[in-house]
Asks: 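Below: one structure in structure tokens.
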Amino acid sequence: AAFSPDGSRILTAGNTVTLWALKGNLLADFEEHNDILNDVMFSIDGKHIITALGSGSIIIWPTPEAIIEWLKKDKIPQLTKEDKEYLGID
């Protein structure tokens, strides 16, 4: 398990990596790995999750907050008004 830098979230790892709010709310599941999962950690800014695999590979995943932040910057112009309302993006 790994705690986020601000202490508000925790990662657990098994066949999947799961992101939890410290209060116990499930925030996200990251797809099953096809290799042995050796370690899981947050980036220093807490915006990414890093998984280290037995093969020596790493995978860097954006957190849900990082994805929302990215969307708010309008880097995906094809979002409809309804999509933006659903995601809470102005």
Side-chain angles (χ1 to χ4, degrees):
F3 286 93
S4 62
D6 67 2
S8 67
R9 296 165 293 159
I10 188 169
L11 290 169
T12 57
N15 289 334
T16 61
V17 174
T18 304
L19 177 63
W20 303 89
L22 201 55
K23 295 178 182 180
N25 304 14
L26 174 68
L27 299 175
D29 276 320
F30 298 87
E31 72 182 61
E32 191 169 325
H33 294 75
N34 294 328
D35 196 355
I36 296 169
L37 186 62
N38 285 341
D39 202 2
V40 62
M41 64 193 79
F42 281 93
S43 61
I44 293 171
D45 63 5
K47 293 182 181 180
H48 293 86
I49 293 164
I50 299 106
T51 56
L53 307 178
S55 64
S57 300
I58 63 167
I59 300 173
I60 301 173
W61 311 82
T63 61
E65 297 85 4
I67 293 169
I68 296 295
E69 182 179 313
W70 186 72
L71 290 172
K72 283 183 177 180
K73 292 180 181 177
D74 275 330
K75 291 191 175 185
I76 303 180
Q78 69 270 20
L79 284 177
T80 66
K81 181 180 178 186
E82 292 79 20
D83 291 336
K84 289 183 178 187
E85 287 174 4
Y86 177 78
L87 293 168
I89 300 170
D90 297 325

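Model, not experiment: these values are computed from the prediction.
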Asks: Given the rule that I, L, V, M, F, W and Y join up when any side-chain heavy atoms are under 4.5 Å apart, are Ile50 and Phe30 in one cluster?
Replies: no
Asks: Between atom CD1 of Ile44 and atom OG of Ser4, what is the distance when rounded to the nearest 0.5 Å?
Replies: 13.5 Å
Asks: Could you walk me through whether Thr51 and Leu37 pass the side-chain contact (heavy atoms from CB on, under 4.5 Å) check?
Replies: CA-CA 7 Å; Thr51 56; Leu37 186 62; 3.7 Å; yes
Asks: Are any non-hydrogen side-chain atoms of Leu19 and Arg9 less than 4.5 angstrom apart?
Replies: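 The answer is yes, as the side chains (C-beta and beyond) meet within the 4.5 Å cut-off.
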Asks: Please name the pair of heavy atoms, one in Ala2 and one in Met41, separated by the smallest distance, quoted to 0.1 Å.
Replies: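 Smallest interatomic distance, heavy atoms only, reads CB-CA, 4.1 Å.
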Asks: Is there a side-chain contact (heavy atoms from CB on, under 4.5 Å) between Leu22 and Ser8? Walk through the geometry before answering.
Replies: CA-CA 5 Å; Leu22 201 55; Ser8 67; 5.5 Å; no
Asks: Before giving the answer on side-chain contact (heavy atoms from CB on, under 4.5 Å), spell out for Leu26 and Trp20 the whole-Å C-alpha distance, their side-chain angles and the decisive distance to 0.1 Å.
Replies: CA-CA 5 Å; Leu26 174 68; Trp20 303 89; 3.8 Å; yes
Asks: Could you pull out all residues at least two apart from Pro5 that satisfy side-chain contact (heavy atoms from CB on, under 4.5 Å)?
Replies: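 Listed in chain order: Phe42.
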Asks: If you compare all heavy atoms of Leu53 against all heavy atoms of Asn38, which two are closest, and at what distance to 0.1 Å?
Replies: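 Result for this residue pair: O-ND2, 3.6 Å.
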Asks: Under the salt bridge (charged side-chain N to carboxylate O under 4.0 Å, His left out) definition, can you give me all pairs with a residue in residues 36-53, not counting sequence neighbours?
Replies: Lys47-Glu69
Asks: Closest heavy-atom contact between Ala1 and Ile10?
Replies: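 Looking at all heavy atoms of both residues, the closest pair is CB-CD1, 4.1 Å.
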Asks: Does any non-hydrogen side-chain atom of Leu11 lie less than 4.5 Å from one of Thr18?
Replies: no
